[in-house]
Amino acid sequence: MRTALVTGGSRGIGKAICKKLAAEGCHVIINYKSNTEEAQNTLNEVIAAGGTGELLPFNCGDKNDIETTLSRWQTENPDRFIEILVNNAGIRRDNVMVMMSDEEWYEVINIHLNGFFHVTRAVSKNMVSKRRGRIVNVVSLSGVQGMQGQTNYSAAKAGVIGATKALAREVGRRNITVNAVAPGFIKTDMTEDIDESQYKAVIPAGRFGTPEEVAAAVCFLTSAEASYITGEVIQVNGGLYT
Ligand code: NAP
């Protein structure tokens, strides 16, 4: 049984990824920051579907919390090896740049880009020594094409895309793949303030995507079939940008 860590696995896209990885036979470590009720719901659904998992809260914007929690988990689970890492946790703090506060800029960069670094560095050490692993980073259309009102978020996601390509080159010989999945507009709590009807006309598919449609691409990249795909960014956006 492979062990997978999904950051921000309690809701939205992360929840769909946890459920699909569990259905494919993984033991799923569901990370979240504070909403324990939703995290427990996700774990209950994983178990009800015949899978196994556990909750592991830590703040992806806090280096010490990440390193302490992951180190403690490994000590308590000496026989488990996190073979699959999905960096998915994220937030939006939108504003036009001239109005953007320091907090809006740093919080978004910290959770997405610094969080990617600290979680991935901690988890990939074992992958390198065991010579196998799969890392998938959930980025965004914003990081590929840029989005007005999201200079913080676009910069963070573009940074993770650059790191994805660089790390893929570093660890390719160790049988570790590193890829990114870039969703467009997906129906989750994060987009509940965005009116789908306003965007339908510009999305070739004519609708927002579902978390399950993103999870399918993420899980493919963790599979044996995707062993020769690395340093790639797969867009899941209904044709909005290709
Ligand atoms: P969501 O529904 O708002 O869920 C966010 C998840 O991230 C929750 O599990 C949340 O846990 C967790 N999280 C937030 N801050 C965290 C932190 N500091 N530490 C640990 N966990 C944290 O978001 P989503 O729409 O599923 O987005 C998931 C990923 O997809 C994000 O990286 C997002 O940028 C990306 N994305 C989303 C869309 C979209 O249209 N929805 C499009 C492109 C990219 P708590 O509830 O405990 O805070």
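Whatever order the structure lists them in is the order used to number ligands and atoms, beginning at 1.
Between Arg92 and ligand 1 there is no heavy-atom distance shorter than 4.0 Å. Heavy atoms of Glu38 come nearer than 4.0 angstrom to ligand 1 in no pair at all. Contact between Gly115 and ligand 1 is absent, with no heavy atom of the residue lying under 4.0 Å from the ligand. Note on ligand 1: Val139 sits in its first shell, one or more heavy atoms being nearer than 4.0 Å.
Near Asp189, with a cut-off below 4.0 Å to any heavy atom, the atoms of ligand 1 are 2 (O). Residue Phe185 approaches ligand 1 through these ligand atoms, each under 4.0 Å from one of its heavy atoms: 40 (O). The distance from ligand 1 to the heavy atoms of Gly8 drops below 4.0 Å at these ligand atoms: 6 (C), 7 (O), 9 (O), 12 (C). Heavy-atom proximity to Val138, at under 4.0 Å, picks out these atoms of ligand 1: 29 (C), 30 (O), 32 (O), 35 (C). Taking a cut-off of under 4.0 Å to the non-hydrogen atoms of Ile111, the atoms of ligand 1 that pass are 18 (N). Every atom of ligand 1 with a heavy atom of Asn88 under 4.0 Å away is listed here by number and element: 28 (C), 29 (C), 30 (O), 31 (C), 32 (O). For ligand 1, the atoms lying closer than 4.0 Å to a non-hydrogen atom of Ile13 are 26 (O), 30 (O), 37 (C). Numbered from 1 in the order shown, with element, the atoms of ligand 1 that lie under 4.0 Å from a heavy atom of Thr191 read 39 (C), 40 (O), 41 (N).
With Asn137 as reference, Val178 is the one residue of Val233, Val181, Val178, Asn179 to meet the side-chain contact (heavy atoms from CB on, under 4.5 Å) rule.
Distances from atom 11 (O) of ligand 1 to the heavy atoms of Ser34, Gly9, Ser10, Ala156 put Ser10 nearest. Looking at Phe58, Phe116, Tyr153 and measuring to atom 35 (C) of ligand 1, the nearest heavy atom belongs to Tyr153.
Smallest separation of non-hydrogen atoms from Glu45 and Lys19: OE1-NZ, 2.7 Å. Taking both residues in full, the closest heavy atoms of Leu141 and Ala182 are given as N-CB, 4.1 Å, listed atom of the first, atom of the second, then distance.
Taken together through direct or relayed side-chain contacts under 4.5 Å among Ile, Leu, Val, Met, Phe, Trp and Tyr, Val171 and Val123 form part of one hydrophobic cluster.
Proximity of Thr120 to Asn87: side-chain heavy atoms (C-beta onward) are separated by under 4.5 Å at one or more points. Residues Asn95 and Asn152 form no side-chain contact, since every pair of their non-hydrogen atoms from C-beta on lies 4.5 Å or further apart. In this structure, the side chains of Arg121 and Lys63 come closer than 4.5 Å at one or more pairs of heavy atoms.
Nearest protein neighbour of atom 22 (C) of ligand 1, counting heavy atoms only, is Ala89 CB, 3.7 Å. Nearest protein neighbour of atom 1 (P) of ligand 1, counting heavy atoms only, is Arg11 NH1, 3.8 Å. Considering only non-hydrogen protein atoms, atom 16 (C) of ligand 1 sits nearest to Lys33 CB, 3.8 Å. Here the protein heavy atom with the shortest distance to atom 15 (N) of ligand 1 is Ile91 CG2, 3.7 Å. The closest protein non-hydrogen atom to atom 24 (P) of ligand 1 is Thr188 OG1, 3.6 Å. Annotation: atom 18 (N) of ligand 1 to nearest protein heavy atom, Asn59 OD1, 2.9 Å. In this structure, the protein non-hydrogen atom closest to atom 14 (C) of ligand 1 is Gly90 O, 3.6 Å. The protein heavy atom nearest to atom 42 (C) of ligand 1 is Gly184 O, 2.9 Å.
In this structure, the separation between CD1 on Ile91 and NZ on Lys33 is 7.5 Å, given to the nearest 0.5 Å. The line from SG of Cys60 to OH of Tyr32 is 12.5 Å long, rounded to the nearest 0.5 Å.
Any N or O atom pair closer than 3.5 Å counts here, and Ile186 shares at least one such pair with ligand 1. Where the criterion is an N or O separation shorter than 3.5 Å, residue side chain and backbone included, Cys60 meets it with respect to ligand 1. Of the polar atoms of Tyr32, none of the N or O atoms is found under 3.5 Å from an N or O of ligand 1, judged by distance alone. Checked against a 3.5 angstrom limit, the closest N/O atoms of His112 and ligand 1 fall outside it. In terms of polar-atom proximity, Leu141 is not counted as a contact of ligand 1, lacking any N or O under 3.5 Å from an N or O of the ligand.
Inspection of the Thr68 and Asn64 side chains reveals no N or O donor paired with an N or O acceptor under 3.5 Å.
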Report, one line per pair, each donor and acceptor closer than 3.5 Å where one atom sits in a side chain of residues 1-11; sequence neighbours left out.
residue	atom	partner	partner atom	Å
Arg2	NH1	Thr222	O	3.0
Arg2	NH2	Thr222	O	3.1
Thr3	OG1	Arg80	NH1	3.3
Thr7	OG1	Asn88	N	2.8
Thr7	OG1	Ala89	N	3.0
Arg11	NH1	Asp189	OD2	2.7

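Scanning for side-chain contact (heavy atoms from CB on, under 4.5 Å) contacts around Ala158 gives an empty result, with sequence neighbours left out.
Between Arg132 and Glu83 there is a salt bridge, with a side-chain nitrogen of the basic residue lying less than 4.0 Å from a carboxylate oxygen of the acidic one. One finds no salt bridge joining Lys165 and Glu232 here, because no Lys/Arg side-chain nitrogen approaches an Asp/Glu carboxylate oxygen to under 4.0 Å. Taking the charged nitrogens against the carboxylate oxygens, Arg207 and Glu213 do have a contact shorter than 4.0 Å, which makes a salt bridge.
Residue contacts with ligand 1, taken as heavy atom pairs separated by less than 4.0 Å, involve Asn31 solely via side-chain atoms from C-beta onward.
In this structure, Tyr153 and His112 have perpendicular ring planes: the angle between them is above 60°, well past the 30° mark.
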